[in-house]
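For reference, the structure discussed in these notes is given below.
Sequence lines set the chain letters: A, B, ... in the order given, protein chains first and strands last, and positions in each chain run from 1.
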Amino acid sequence: MSKRRLTIFYASDIHGSERVFRKFLNAAPFYGADAVIFGGDITGKALIPVVETTPGRFRIELFGQVHEVEPGAALDEVETRIRNNGFYPYRTTPDELAEMHRGPDHLKAVFSRVMAETAERWVTLADERFRAAGIPALMMPGNDDEPALKRILSQGDWIVDAEGRCVELEGYQVISFGYSTTTPWHSPREITEEEMATTIEGLVAQLDPARPAIFNFHDPPHGSGLDMAPKLTPDLRVESGGGQLLLEPVGSRSVRAAIERVQPVLSLHGHIHESRAAARIGRTVTINPGSVYGEGTLQGALITLEGGKVLRHQLVSG
Amino acid sequence: MATTAAGGHFQRQATGLVREAGTWSTLIYNVNFISIGLMMMFVLQLEPAFYPGGNMLGSYLLALLIVLPTSLVFAMLAAALPRSGGDYVYVSRILGPRLGMMSSWINTIWWFIYGGVPSAFFARFGLGPLFRSVGVISGNQGLVEIGNWFVTPLGTIITGALLVAVLVTVFSLGLNVYFRIQNVLFVIAMVGLGLVGLVLLINPAQAFVTNFNTYWGPITGSPDAHQAVIDAAVAGGFVETPTDFYWTLIPITWIYLELVFNQSSAYIGGEVKRASRIQLWSMPIAAVVSVTVAMALTALFQATIGTTFIGALGWDPYLADAAALGLPYAMPFSELAAYHAGNIVFALLVGIGFVFWSYTWLPGQILNASRNLLAYGLDGVLPAKFGSVSERYHTPIFSLVVVGVLSVGALAVYATNPDFTTLVGIIAFIVSFMIVSIAAIVFPFRRRAVWEASPIAWRFAGIPVITIVGVLSLGALLVAEWAYLNDPLSGVNILNGLTPILTAEDGSLTKDTVRFLIASGTVVSGLVVYEVSRLVRARSGVRLEATFAEIPVE
């Protein structure tokens, strides 16, 4: 068991925001953390066409406003804004845009390519930054990341794709899993509660019970306060009453059962952006720092461990 | 991977909300927090009586004009930063954590203190007049005595404390059921107002005089009780004067007290897609709708019952032994409407409707204050206990109980000590709104990327619209603050125009000055809480300032 003090910076759910990802890269030196853990959902959800309508002239529709810009600083600025908000800018032509509207296969291929290119660039950047600072970095995909992301993360030569195995971190055993239980949106990486329980069981089997463990599961434990999300109707309408959103716990029961049974030192979660919270389940400190990636802010958690226990934790908004 | 085209972009299949929250629900929430009923009650009870020359309809319009810029500030910030937390989020993000805490703490502390006000109104203006009016109309003295008990200090404290306890318990057990019930209660309250309007339209003016004399003649011993009320007030100093702009402007204080809280949904923004559209229109529209309803009903009261009698009725409780009716508080308009109708069923319906209006601030105050405590707990500004949520009920029970206990304490003081004036805290709230307005002014410059990505990235003559609205709001807030400091009934009347009146003739500080200083103390208390917390947390190795510090992007 590690006696030395270890401070971890944890964040998740940055959903393609370049600004927030770059903050994540700087978070460890900024907060004085010794290691970083990323809890999934790296890739963005939307692609913005940057259409070259005439040679040297681009048309972009962003946040309801149409921008007509020339290559150079103006175009770079708009594309940066797109990336900072978690979208992918995609330079294209009117003909290809029409093809993207017509053919879902072509659009899918474009989306996959753009996401992969961005992820590869980020992995390279993360390798450079974390290696230079000597900061261990455990990362994994979340439920909203396409399966291809796992391959890209595994190509990192400093960052570690921690999903699906037990990774040593300064005397602590970290097991990670980025899938979620089923959601109304049928996101790319979802499984049933039964599958979740089986997978977690397999991961827990890799742990040495005599040594402290950390869970890094994207899906939060059910009914923990880390998993309160707006209640939805079958047609995905938010339910409200008296002007207020009606909330309900939507986390995983299998995750909760595993925490209750194994009692890891720390259990890190994401997935439910609006449920920023920290709570104890038995002896385990569970944390979901939430996410406001759309604002360009990185929400995270600083956790200091010592002697196999959580010495202190702090939710931060950077 | 499934993908869809929307607007100028393509979306892939991923988690996220796709439909907006109930728009009517959000509007209802904001109108609820305004409380049309209380706003009208204060205006009718006080303006004709104590603001000679005041024009009630003019005061409504002036108050609306003064409130709208601030309403737009909150609406635009809520659209740009659609998150729960209101000013705590906006100011922390734009101006930094210290000012964020200062602004938010002002609200929190006054929601505690004001917890005593609507809980007192519940008995004083809700249940008391309901039982009294039904008892008077039906000739049931037992009901009249019950009504009279409610308005005693003991009755007010017991009833108000029970209401606080019930709300805290219901909120602790889960919010969803309450939120659903709230819509029903709102409909009942609005139906009550509709019935008031109906009876004022249908029944001739003379019916009120006749019915009032029938019901109150035996109680007062005067066959023409209606005239007796006017005579007693005139003898006691009640006068009517021609309309005067100054005395129309000053009593906006009583309207502003309710109307400015049209922005309450800013505190429950949450992560709702397209929340911007709801927030943008629901706040100012809530203010406009509330003022329109109040103005229409007030005009009907003026036309039917008459400003003279309404003014005299407002004087009566302050005439001591010379009073015609001998009531401790003036009748709310619902009671007047009940007498005008002369019907027990109608009295019940209108009275029950007004019971809802009488306390309608309270649920929002308790919830908002407890949510703020929860946020302070999560951010480490207050002990972690405040940030805890019940595993069983998923609610912040500890914070709710703290708010409840403090609200009952405030109720006990408010019900027994006349030095706790109703308007005293609003001057502190206004400082909070000023800080938010300053945040709005600088928002496009300090958080340019967020502003540009927001649905309110509009410019007028090259200047960000939110900056212009923020400047207008700041000016309007200064006017409102000036009105409170000049209002002889505000309890913080320390100005005569722009001249300070801080001391009495004997050189001692006036009670108004003392109250002003207390309210001023609450303004800076958030900074004190933050700094103390920062020092305490530093001793255990936590840098509180890191909670809110922005990580550089490189």
Side-chain angles (χ1 to χ4, degrees), chain A residues 19 22-23 26-27 30-31 45-49 61-64 81 84-85 87 100-101 104 107-108 111-112 143-144 146 183 185-188 223-225 228 230 235-238 240-247 249 273-274 276-279 292 295-296 298 304 312 314-318, chain B residues 1 3 5 7-22 25-30 32 81 83 93 175-176 178-180 182-183 186 265 268 270-272 378-380 384 387-389 391 394 449-450 452-455 457 540-542 546-554:
Chain A
R19 181 180 176 81
R22 286 175 178 271
K23 286 184 173 183
N26 285 334
F30 183 75
Y31 293 119
K45 300 176 183 178
L47 181 142
I48 311 278
E61 192 178 334
L62 183 61
F63 305 125
R81 278 180 60 192
N84 284 344
N85 281 280
F87 309 139
M100 287 162 69
H101 277 288
L107 176 58
K108 185 178 166 184
F111 228 129
S112 295
N143 69 298
D144 273 332
E146 294 293 330
T183 74
W185 295 275
H186 310 295
S187 58
S224 58
M228 296 300 285
D235 64 342
L236 302 184
R237 188 179 295 276
V238 176
S240 64
Q244 315 227 12
L245 294 181
L246 305 184
L247 302 175
H273 301 182
E274 52 274 75
R276 178 172 178 259
V292 290
E295 290 176 24
L298 174 64
T304 301
R312 56 179 172 263
Q314 182 180 12
L315 297 178
V316 291
S317 295
Chain B
M1 172 172 57
T3 50
H9 66 277
F10 296 97
Q11 282 178 313
R12 68 184 176 93
Q13 202 153 14
T15 51
L17 304 177
V18 294
R19 301 288 176 91
E20 59 193 48
S25 232
T26 308
L27 180 64
I28 285 171
Y29 183 77
N30 288 332
N32 256 341
L81 301 166
R83 304 215 358 247
R93 285 272 180 275
L175 295 169
N176 290 1
Y178 175 77
F179 292 157
R180 291 185 200 280
Q182 200 177 13
N183 277 2
F186 177 77
S265 61
I268 54 165
E271 194 187 68
V272 183
L378 283 174
D379 285 342
S388 64
V389 173
E391 272 201 43
H394 319 300
V450 179
E452 283 181 337
S454 75
S540 58
V542 174
T547 301
F548 309 98
E550 180 158 10
I551 305 168
V553 181
E554 292 163 7

In terms of heavy-atom proximity below 4.5 Å to chain B, should A:Pro49 be classed as side chain, backbone, both, or neither?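 Looking at A:Pro49, backbone and side chain both touch chain B.
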Between A:Ala27 and chain B, which part of the residue has a heavy atom less than 4.5 Å away: side chain, backbone, both or neither?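 Contact with chain B is through both the backbone and side chain of A:Ala27.
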Restricting to non-hydrogen atoms, name the atom on [X] and the atom on [Y] that form the minimum distance, rounded to 0.1 Å.
X: B:Leu378; Y: A:Arg276; value: CD1-O, 3.3 Å
X: B:Glu550; Y: A:Phe30; value: O-CZ, 3.5 Å
X: A:Arg312; Y: B:Gly541; value: NE-O, 3.4 Å

What I'd like to find out is whether the side chain of B:Glu452 reaches to under 4.5 Å of the side chain of A:Asn84, using heavy atoms alone.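 No - every pair of side-chain heavy atoms lies 4.5 Å or more apart.
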Partners meeting side chain to side chain donor-acceptor pair (under 3.5 Å) with A:Thr304 (sequence neighbours left out):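 So A:Thr304 forms a side chain to side chain donor-acceptor pair (under 3.5 Å) with A:Thr7.
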Taking B:Pro552's backbone N and O only, do any of them form a donor-acceptor pair with A:Asn26's side chain (distance below 3.5 Å, no angle check)?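 A pair under 3.5 Å: yes.
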Option that, when pairs with chain B are counted at under 4.5 Å, heavy atom only, ranks first among A:Ser224, A:Ala277, A:Ala279, A:Pro249: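 Of A:Ser224, A:Ala277, A:Ala279, A:Pro249, A:Pro249 has the most heavy-atom pairs under 4.5 Å with chain B.
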For chain B, which of A:Pro188, A:Gly223, A:Ser187 has the most heavy-atom pairs under 4.5 Å?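 Highest number of pairs under 4.5 Å: A:Gly223.
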Heavy atoms only, distances under 4.5 angstrom: which of B:Asp379, B:Val389, B:Val450, B:Val553 has the most pairs with chain A? Name it, please.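 Option with the top pair count is B:Val553.
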